[in-house]
Amino acid sequence: MAKPVSIEVWNPNGKYRVVSTKPMPGTRWINLLIEQDCRVEICIQKKTILSVEDILALIGDKCDGVIGQLTEDWGETLFAALSRAGGKAFSNMAVGYNNVDVNAATKYGVAVGNTPGVLTETTAELAASLSLAASRRIVEADEFMRAGLYDGWLPHLFVGNLLKGQTVGVIGAGRIGSAYARMMIEGFKMNLIYYDLYQATRLEKFVTAYGAFLKANGEQPVTWKRASSMDEVLREADVISLHPVLDKTTYHLINKDSLATMKKEAILINCSRGPVVDEVALVEHLKQNPMFRVGLDVFEDEPYMKPGLAEMKNAVVVPHIASASKWTREGMATLAALNVLGKIKGYPVWGDPNRVEPFLNENAPPPAASPSLVNAKALGLPTSKL
Ligand SMILES: NC(=O)c1ccc[n+]([C@@H]2O[C@H](COP(=O)([O-])OP(=O)(O)OC[C@H]3O[C@@H](n4cnc5c(N)ncnc54)[C@H](O)[C@@H]3O)[C@@H](O)[C@H]2O)c1
Ligand SMILES: O=C(O)[C@H](O)CO
């Protein structure tokens, strides 16, 4: 028997029952659901990661849709239960959905939503912050100051890496990878090398145009190169940032061999998913190469770090906060709620998940569509005309 979980209820007489497994930032998402006749139940249990059993208790006997979190295991058991309870939709409050078994959801006729776009710049900014923190040894230097160890300027004190004119390498040049690349190119005049399964045409055009602009102003132009293999990026780049999805093809993409391919003084940033990096191999590499530095937002066994990582001075580690800006988190909550609402109301799916801005405009009602359903095609759902 599942244990009861604490909930907060909004609009108790609403026709549709929508459950959120966590309180989420802002109130717009709640108001949008209430306006469309939903009873909203928010789990307020003081437990960071809910188990499958906890979520089964939340779903109960009648549930039209659930908004869930990337820490939860959305597989066969939960989708079967949601479907039995009459549920039509689930949305992750995240763009990544490697915690969701989309095939199982499709089998039970449940639509799966995610929250693209609204977190692109915020996540890229954290990757840029980690790049700076790691290259200029900010955290080490901060600890040194606070420990009262500073007794005067020295030529060798916390010497790090200059970014200007160096090469930034991006693995996975999708929305976030491209936004990060632009920040590093515009901000620090870095050259770009990237690896992706697809050509990042807009990014290439941007670098070409920016390079021409710099040249016209008498500055060294920036350049770009699409690598034919990931190893080419690892060999050539001074700063490498990981932004692919996590799937079978990207699990342990960075391992003992790929680490050995990188420059001894390279900077590696991971704001994608922890298992993209073999963290045991990374700890060993950090030990053997003190000038190699990493900035990590995600970890292989979250919330834990592999033994030894916490002791490494050449690692900057933060707790999966890349999308944590107020505007973005409120927007993620809104998109997740609208994904669920749209399916419950029988709306079509938005035609372009890369253009979700109309759903985020607080001064106008959102379009009558689900902003991003990843199994829309498999479920044969109609698409809205933009
Ligand atoms: N740390 C965080 O808080 C945080 C925040 C947002 C997103 N993310 C992660 O970032 C990922 C990317 O988000 P996005 O919006 O940019 O997605 P996206 O789909 O726009 O970009 C992903 C890119 O990865 C590429 N790719 C897939 N397999 C690859 C492979 N084997 N080798 C190289 N490239 C490959 C794809 O072609 C695509 O261009 C998400 O799936 C999520 O896991 C993390
Ligand atoms: O995939 C995502 O969206 C992140 O990991 C959290 O914002």
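Whatever order the structure lists them in is the order used to number ligands and atoms, beginning at 1.
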Verdict with supporting geometry, K88 and K345, side chain to side chain contact (heavy atoms under 4.5 Å, CB included) = CA-CA 10 Å; K88 293 183 169 52; K345 301 288 284 185; over 6 Å; no

From CA spacing to verdict: side chain to side chain contact (heavy atoms under 4.5 Å, CB included), Y195, L234 = CA-CA 10 Å; Y195 176 71; L234 301 183; over 6 Å; no

Stepwise salt bridge (Lys or Arg N to Asp or Glu O under 4.0 Å) check, E357 with R355 | CA-CA 6 Å; E357 297 82 12; R355 281 180 50 204; 5.0 Å; no

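Ligand 1 lies nowhere less than 4.0 angstrom from a heavy atom belonging to L246. For R273, the heavy-atom gap to ligand 2 drops under 4.0 angstrom. In this structure, P116 has no heavy atom closer than 4.0 Å to ligand 1.
A distance of 7.5 Å separates CD of E236 from OG1 of T167, quoted to the nearest 0.5 Å.
A donor-acceptor distance shorter than 3.5 angstrom exists from the side chain of N314 to the backbone of F292, with no hydrogens or angles considered. At distances below 3.5 Å, not a single donor-acceptor pair connects side-chain atoms of T27 with backbone N or O atoms of I30. Remark: the backbone N or O of V118 is paired with a side-chain donor or acceptor of T328 at under 3.5 angstrom. Of the possible donor and acceptor atoms, none in the side chain of D301 sits under 3.5 Å from a partner among the backbone N and O of Y304. Here the side chain of R17 pairs a donor or acceptor atom with the backbone of I59 at under 3.5 angstrom.
Distances below 4.0 Å separate heavy atoms of V298 from the following atoms of ligand 1: 1 (N). In the vicinity of G96, heavy-atom distances shorter than 4.0 Å reach the ligand 1 atoms 41 (O), 42 (C), 43 (O). Atoms of ligand 2 found under 4.0 Å from any heavy atom of A94, numbered from 1 in the order shown, are 1 (O), 2 (C), 3 (O). Under a 4.0 Å criterion applied to the non-hydrogen atoms of M332, ligand 2 contributes the atoms 7 (O). Applying the 4.0 Å criterion to heavy atoms of Y198 picks out, from ligand 1, the atoms 37 (O).
For atom 21 (O) of ligand 1, the closest non-hydrogen atom on the protein side is G174 CA, 3.4 Å. The protein atom (non-hydrogen) at minimum distance from atom 9 (C) of ligand 1 is S272 O, 3.6 Å. Regarding atom 3 (O) of ligand 2, its nearest protein heavy-atom neighbour is V95 N, 2.8 Å. Regarding atom 12 (C) of ligand 1, its nearest protein heavy-atom neighbour is H243 O, 3.5 Å. Looking from atom 34 (N) of ligand 1 to the surrounding protein, the closest heavy atom is G172 CA, 3.7 Å. For atom 30 (C) of ligand 1, the closest heavy atom belonging to the protein is T250 CG2, 3.7 Å. Among protein heavy atoms, the minimum distance from atom 24 (O) of ligand 1 is reached at P244 CA, 3.4 Å. Ranking protein heavy atoms by distance to atom 8 (N) of ligand 1, first place goes to C271 O, 3.7 Å. Protein heavy atom in closest approach to atom 32 (N) of ligand 1: Y195 CE2, 3.7 Å.
For T249, a nitrogen or oxygen atom sits less than 3.5 Å from a nitrogen or oxygen atom of ligand 1, counting backbone and side chain alike. On a distance-only criterion, L119 and ligand 1 share no N/O pair closer than 3.5 Å. An N or O contact shorter than 3.5 Å links H320 to ligand 1 by distance. The distance criterion of under 3.5 Å between nitrogen or oxygen atoms is met by S323 with respect to ligand 2. At a 3.5 angstrom cut-off on N or O pairs, T123 does not count as close to ligand 1. An N or O contact shorter than 3.5 Å links H320 to ligand 2 by distance. Considering backbone and side-chain N/O atoms, D196 comes within less than 3.5 Å of an N/O atom of ligand 1. An N or O contact shorter than 3.5 Å is missing between A173 and ligand 1 by distance.
In this comparison of R175, M230, M332, the heavy atom closest to atom 19 (O) of ligand 1 sits on R175. Taking each of I176, L242, T115, I171 in turn, the one with a heavy atom nearest to atom 10 (O) of ligand 1 proves to be I176.
Looking at E300 and L309, their side chains never come closer than 4.5 Å, going by heavy atoms from C-beta outward.
Taking both residues in full, the closest heavy atoms of V112 and A105 are given as CG2-CB, 3.4 Å, listed atom of the first, atom of the second, then distance. Looking at every heavy atom in both residues, K287 comes nearest to P290 through O-CD, 4.3 Å.
The neighbour count for K62 NZ, taken as heavy atoms of other residues, nucleotides or ligands under 6.0 Å away, is above 12. Surrounding CZ of F213 are at most 12 heavy atoms belonging to other residues, nucleotides or ligands under 6.0 Å away.
Between W74 and F79, the ring planes are tilted. Angles from 30° to 60° get that label.
If you look at V95 next to ligand 1, the close heavy atoms, those under 4.0 Å, all belong to the side chain. Contacts of L119 with ligand 2, taken as heavy-atom pairs under 4.0 Å, involve the side chain alone. Of all the heavy atoms of D297, the ones lying under 4.0 Å from any atom of ligand 1 belong exclusively to the side chain. Neither the backbone nor the side chain of I321 has a heavy atom within less than 4.0 Å of ligand 1. Residue contacts with ligand 2 for L70 involve side-chain atoms from C-beta outward but no N, CA, C or O (heavy atoms, distance under 4.0 Å).
Among the candidates K263, K264, R293, the single residue satisfying the salt bridge (charged side-chain N to carboxylate O under 4.0 Å, His left out) test with D238 is K263.
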Can I get a per-line list of side-chain donor-acceptor pairs under 3.5 Å for residues 123-132, giving both atom names and the distance, sequence neighbours left out?
unit_1: T123; atom_1: OG1; unit_2: L119; atom_2: O; d: 2.8
unit_1: S129; atom_1: OG; unit_2: E125; atom_2: O; d: 2.7
unit_1: S131; atom_1: OG; unit_2: A127; atom_2: O; d: 2.7
unit_1: S131; atom_1: OG; unit_2: Y180; atom_2: OH; d: 2.8

Which pairs would a plain distance check flag for residues 196-207, meaning a side-chain donor or acceptor within less than 3.5 Å of a matching protein atom at least two apart in sequence or in another chain?
unit_1: D196; atom_1: OD1; unit_2: Y198; atom_2: N; d: 3.0
unit_1: D196; atom_1: OD2; unit_2: A173; atom_2: N; d: 2.7
unit_1: Q199; atom_1: NE2; unit_2: E204; atom_2: OE1; d: 2.8
unit_1: E204; atom_1: OE2; unit_2: Y194; atom_2: OH; d: 2.5

